[in-house]
**Student:** 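Please find one structure pasted underneath; my questions will follow.
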Amino acid sequence: MTTTPPPWPGDPLPERELELAAADRAVDALCRTRPEGGLLVYSGAAGIGKTSVLARVRARAAERCTVRSTRADPGTTAVPFHTARALFAPDLADTDGLAALLGRHRALAGPALGLTTPGEEPADPQGVQDALVALTARAARRHRARPLVLVLDDAHWADGESLGWLAALGPRLARLPLLLVVAHRPTEHAAEESRPHLDALGTAARLRVTLRALSPEAAAGLTRRALGTGADDALGRALWDATGGSPYELAELLARLREHPLDPGADQATAVRELAATVRGHRLADRLGGLGPDAARLAWAAAVLGAGIPLRLAASLAGLSPGRQATATGELRAARVLNPGDTVDFTHPLVAGAVYDAVPRSLRTTFHGRAAWLLTAEGHSPAAAARHLLEVHPDQDPALVEQLRRAAREHLAVGAPDAARRCLERALREPPEHHLRAHVHHELGCAALLTSPADTVRHLRTALELPGLDDTLRADATFRLAQALAHNQQMREASLSVAFAAATTEPGPERLRLQAAHFMYDAFRATEDDGPGRSRRLAQLADPLAGETNAERALLTLRAFDGMLRGENHTVVAEFCERALTDGHPAPGLGWTDTAWGFEYPCLAGITYAWIDELDRAEELFGEAVRAYEISGWSGGHLAFAHMLTGAVLRRRGRLAEAETRLRESLRLADRIGTGLPVHWDAVCLLVDTLLARGRTADAQRLAEARGFGPPYPDAMILPDAPSVHGRLLLALGRTDEAVAALEAASAVAERGRHNPVWAPWRRDLAGALATRDPERARALTRRLRVDAERFGTPTALGMALGCEAALAPAGAAPALHARAVAHLEESPARDELARARVALGLATGDRDQLHRGLLLARTCGADALAEQARSALA
């Protein structure tokens with residue numbers, strides 16, 4: 001893209017020496033034997049000289065580096081990934097190296113960069129962003145001989161998707177052979193959704209500079225250089241007073257004065273003020289009035305189309321023949337409105353903005369409508385023309401509504417849900433024909449699902465209230481509404497929405513789908529009016545099913561999960577899981593990336609396996625989830641959840657250090673998409689539980705306090721039982737009274753009929769807390785724990801129950817109980833529980849062999865405090 005040359009001759013730029021020196025140091029660091037990348041951010045008001053500084057930075061860097069640069073434009077703010085495509089245009093044009101540049105991210109990055117046709121399904125925005133970050137890293141490594149420098153001017157006008165990519169890239173730059181240089185106006189000039197990205201860039205920058213106005217001395221020096229040594233300081237001061245030290249306005253005035261010197265007898269200050277008024281605001285556009293109607297219409301058309309569009313299209317939009325275009329173009333260049341070249345390129349953003357504002361309002365709307373038609377006729381996609389359609393006045397045009405809907409689908413397919421939302425919101429204002437309004441609200445709700453659950457709820461509820469949706473779309477809208485409500489921690493509302501829809505849907509697949517969702521969201525609720533009753537109704541519906549359809553498989557999955565929570569015999573629960581799966585895997589349509597049913601059903605199957613000691617099955621399922629999401633580019637909440645589930649399996653195995661690593665990765669991924677989500681609660685709960693198992697109580701406390709883990713809990717079940725884990729944390733901190741109260745509160749799970757002693761081990765911890773305070777109550781708790789464990793029947797449950805009973809038993813009876821606990825846990829996959837049981841047996845009997853074996857196993861598991869206890873006993 002052509003850029004405006006520095007507004008004054010000579011070198012260096014006045015009063016910009018420190019800013020340019022910082023860039024020189026950054027380029028030096030980039031060009032070392034061991035290159036060090038970084039990020040420079042220059043900010044300042046319009047006309048303060050950002051473009052001139054960047055032009056000088058580019059010129060100096062180009063001597064040793066590969067420079068890629070672009071300037072964002074108001075006309076492309078609504079075009080997803082436009083800035084990313086412009087920055088990488090030369091690399092994307094290199095067909096020989098393109099495959100290596102895209103790598104395994106071709107399916108995600110290709111459509112966003114305009115290289116491949118988007119698919120039918122929406123792309124995960126976080127996945128696309130990650131793909132672009134990976135592509136940038138590969139591009140940087142390809143240019144090691146001449147390190148890569150990316151320069152972005154006027155970043156406040158860049159599209160939000162590209163800014164999100166750059167903000168994600170910022171913290172990684174120090175580890176890449178890449179320098180990013182960004183200039184932007186103060187963030188209040190940016191679109192609201194872009195401001196956090198600009199702030200993030202500023203935070204990640206190695207240097208953040210706010211450019212200031214020039215001093216009176218600099219203005220006087222520039223005046224002498226531009227007008228000759230005869231120009232006195234009084235004129236320089238007058239110019240500075242009139243411009244406030246704005247480099248752009250100062251350069252414009254000096255150019256005018258070179259062409260039309262002041263009358264020697266005139267009042268310099270007054271003449272300069274009058275002249276200065278013509279280079280800013282609406283007076284700047286008044287220059288066009290003296291150039292004739294053709295030049296004005298061409299400038300207006302160019303301002304509507306935006307930078308980078310061929311001038312011939314601007315002429316066509318203005319209704320000019322080639323000959324009249326050539327004349328008008330020459331006049332605009334002579335008047336310093338357009339730069340030379342075949343594409344639209346205004347001499348300065350202030351000029352472009354002033355010209356656009358000068359377009360008569362009615363003509364501007366007409367131009368935008370015709371611009372959309374011109375771009376479509378030129379072969380551009382609906383998404384490329386959509387930015388113009390957003391500016392057209394509503395006029396009940398069915399064709400425009402359909403264009404906007406197609407553009408929204410294309411935006412979703414490249415991972416730009418915000419752009420899709422803007423198109424669909426504009427389509428509603430047209431408005432669409434009556435029978436299509438529900439469809440547009442449905443599409444708008446689906447577009448906002450990943451970015452704004454509240455908007456999703458509002459639009460889907462509207463879609464369901466309007467006529468026009470068939471049974472399939474109505475069920476889909478209800479299902480997605482429930483997903484959004486659950487995502488927003490409104491589990492009761494999610495359950496009620498699908499319950500009502502199921503009751504009013506004719507018998508068939510859609511009704512079964514809604515019934516399954518109703519049972520699922522009821523099961524997910526932290527509190528429930530009639531948990532045992534729901535379990536009975538689910539059992540009556542699911543127990544006879546063979547698992548021949550996906551609706552039956554979904555119900556069987558829920559039946560298995562409910563049976564696991566209630567502590568039914570693990571062999572019965574496993575049998576329901578087998579009927580719910582196909583050859584041990586999710587059936588087609590019920591897989592990890594299938595959106596019709598959602599990812600919850602394979603999740604529940606894996607969680608069930610994890611808590612009935614079938615950890616190999618669980619690990620296989622969750623490993624499939626991680627691979628499926630990574631291949632599909634779903635690197636947002638879904639991948640965070642998959643890592644959390646994998647961490648849960650590792651925690652259940654007693655591989656505590658690995659579990660901690662995986663759970664922290666889950667939190668890192670989840671933090672990128674928001675806070676307070678269900679995956680946050682699950683990952684934090686499991687991580688607190690893991691840290692306690694390692695004996696790192698202080699770390700667990702810090703995590704719990706930092707993440708707000710504790711009551712009040714959301715109206716959603718947390719994995720595993722959060723009150724039990726919180727009670728154990730309080731117990732480890734020595735806050736016994738609070739721990740007892742918390743564990744008593746955890747007993748509410750029993751009132752819901754949930755007696756799995758491994759999922760919610762509150763009885764074991766409460767019995768230990770009451771051992772000396774209320775021994776009779778403690779013994780009653782251990783007896784009930786033993787009953788629940790024997791009913792459930794897993795080696796882990798039996799070993800834990802016997803270990804608890806042994807800890808409270810008389811000295812003579814304890815060794816036998818400890819030995820039986822070890823025997824059961826030797827058959828369990830929970831290696832940390834076996835280590836704990838061996839140490840307890842060794843301490844009870846003085847058996848050094850058991851202590852030594854417990855020590856070795858505790859070290860293997862990462863149970864540091866338990867290992868230290870065993871070591872001390874052996875010493």
Side-chain angles (χ1 to χ4, degrees), residues 3 6 11-44 48-72 83-84 86-91 94 97 100-101 103 129-130 132-155 158 162-184 197-212:
T3 56
D11 186 55
L13 295 179
E15 298 186 339
R16 298 292 185 252
E17 294 83 4
L18 294 178
E19 291 85 347
L20 293 173
D24 288 340
R25 288 194 296 271
V27 171
D28 288 340
L30 184 66
C31 295
R32 291 173 186 158
T33 304
R34 299 183 63 180
E36 180 183 342
L39 167 62
L40 302 180
V41 174
Y42 297 99
S43 63
I48 204 67
K50 300 182 295 295
T51 297
S52 298
V53 169
L54 291 196
R56 205 59 59 89
V57 170
R58 282 198 309 273
R60 293 185 181 186
E63 298 172 4
R64 294 184 286 168
C65 303
T66 301
V67 179
R68 304 281 186 252
S69 68
T70 191
R71 172 193 274 175
T83 297
L87 276 174
F88 278 114
D91 296 277
D94 177 13
L101 182 64
Q129 185 182 102
D130 290 347
L132 290 177
V133 170
L135 179 147
T136 308
R138 284 193 291 273
R141 296 184 182 104
R142 285 181 63 191
H143 291 286
R144 279 187 180 275
R146 288 178 59 84
L148 187 59
V149 178
L150 300 180
V151 181
L152 172 59
D153 197 2
D154 289 330
S162 294
L163 280 180
W165 152 61
L166 292 175
L169 182 65
R172 298 170 169 82
L173 287 171
R175 302 187 298 274
L176 289 174
L178 171 66
L179 176 63
L180 174 62
V181 186
V182 173
H184 62 80
H197 301 317
L198 292 175
D199 290 339
L201 284 170
T203 300
R206 63 190 296 170
L207 178 68
R208 185 177 187 176
V209 178
T210 300
L211 297 178
R212 305 296 179 188

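The first residue in the sequence is number 1, and the count goes up from there. Everything numeric here is computed off the predicted structure, so don't read it as measured data.
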**Student:** Are Arg60 and Val27 packed together at the side-chain level, in the sense that at least one heavy-atom pair is separated by less than 4.5 angstrom?
**Tutor:** no

**Student:** Quick one: does Arg71's side chain have a donor or acceptor within less than 3.5 Å of a partner on Asp154's backbone?
**Tutor:** no

**Student:** Hey, what do you get for OG (Ser162) to CG (Leu169), rounding to the nearest 0.5 Å?
**Tutor:** 12.0 Å

**Student:** State, to 0.1 Å, how close Arg138 and Gly103 come at their nearest heavy-atom pair, and which atoms those are.
**Tutor:** NH2-N, 3.9 Å

**Student:** Would you confirm whether Thr70, through its side chain, and Thr83, through its main-chain N or O, come within 3.5 Å as a donor-acceptor pair?
**Tutor:** no

**Student:** Are the side chains of Arg68 and Leu148 in contact, using a 4.5 Å heavy-atom criterion?
**Tutor:** yes

**Student:** Where the side chain of Arg146 meets the backbone of Ala62, is there a donor-acceptor pair that is under 3.5 Å apart?
**Tutor:** yes

**Student:** Can you tell if the side chain of His143 reaches within under 4.5 Å of the side chain of Leu178, non-hydrogen atoms only?
**Tutor:** no

**Student:** Measure the OH-CD1 distance between Tyr42 and Ile48 for me, rounded to the nearest 0.5 Å.
**Tutor:** 14.5 Å

**Student:** Got a second to check how far Arg58's CZ is from Thr51's OG1, nearest 0.5 Å?
**Tutor:** 8.0 Å

**Student:** Say you draw a straight line from CG of Leu39 to CG of Leu179; how long is it, rounded to the nearest 0.5 Å?
**Tutor:** 8.0 Å

**Student:** Looking at every heavy atom in both Cys65 and Val149, which two are closest together, and how far apart are they?
**Tutor:** CB-CG2, 3.7 Å

**Student:** Are Asp28 and Arg64 packed together at the side-chain level, in the sense that at least one heavy-atom pair is separated by less than 4.5 angstrom?
**Tutor:** yes

**Student:** Could you check whether any side-chain heavy atom of Phe88 comes within less than 4.5 Å of a side-chain heavy atom of Leu132, counting everything from C-beta outward?
**Tutor:** no

**Student:** Compare every heavy atom of Leu201 with every heavy atom of Leu163, then report the nearest pair and how far apart it is.
**Tutor:** CD2-CD1, 4.3 Å

**Student:** Taking 4.0 angstrom as the limit, do Arg142 and Asp94 come out as a salt bridge?
**Tutor:** yes

**Student:** To the nearest 0.5 Å, what is the distance between CZ (Arg25) and CG (Leu20)?
**Tutor:** 10.5 Å

**Student:** If every non-hydrogen atom of Val151 is compared with every non-hydrogen atom of Leu54, which pair is closest and at what distance?
**Tutor:** CG1-CD1, 3.8 Å

**Student:** Kindly compute the distance separating OG (Ser69) from CG (Leu87), expressed to the nearest 0.5 Å.
**Tutor:** 7.5 Å

**Student:** List the steps, then state whether side-chain contact (heavy atoms from CB on, under 4.5 Å) holds for Leu13 with Glu19.
**Tutor:** CA-CA 10 Å; Leu13 295 179; Glu19 291 85 347; over 6 Å; no

**Student:** Which heavy-atom pair separates Lys50 from Ser43 by the least distance, and what is that distance?
**Tutor:** CD-C, 4.1 Å

**Student:** Which residues pass the side chain to side chain contact (heavy atoms under 4.5 Å, CB included) test with Arg34, not counting sequence neighbours?
**Tutor:** none

**Student:** Would you name the heavy atoms of Leu173 and Gly38 that are closest together and state the gap between them?
**Tutor:** CD1-O, 3.5 Å

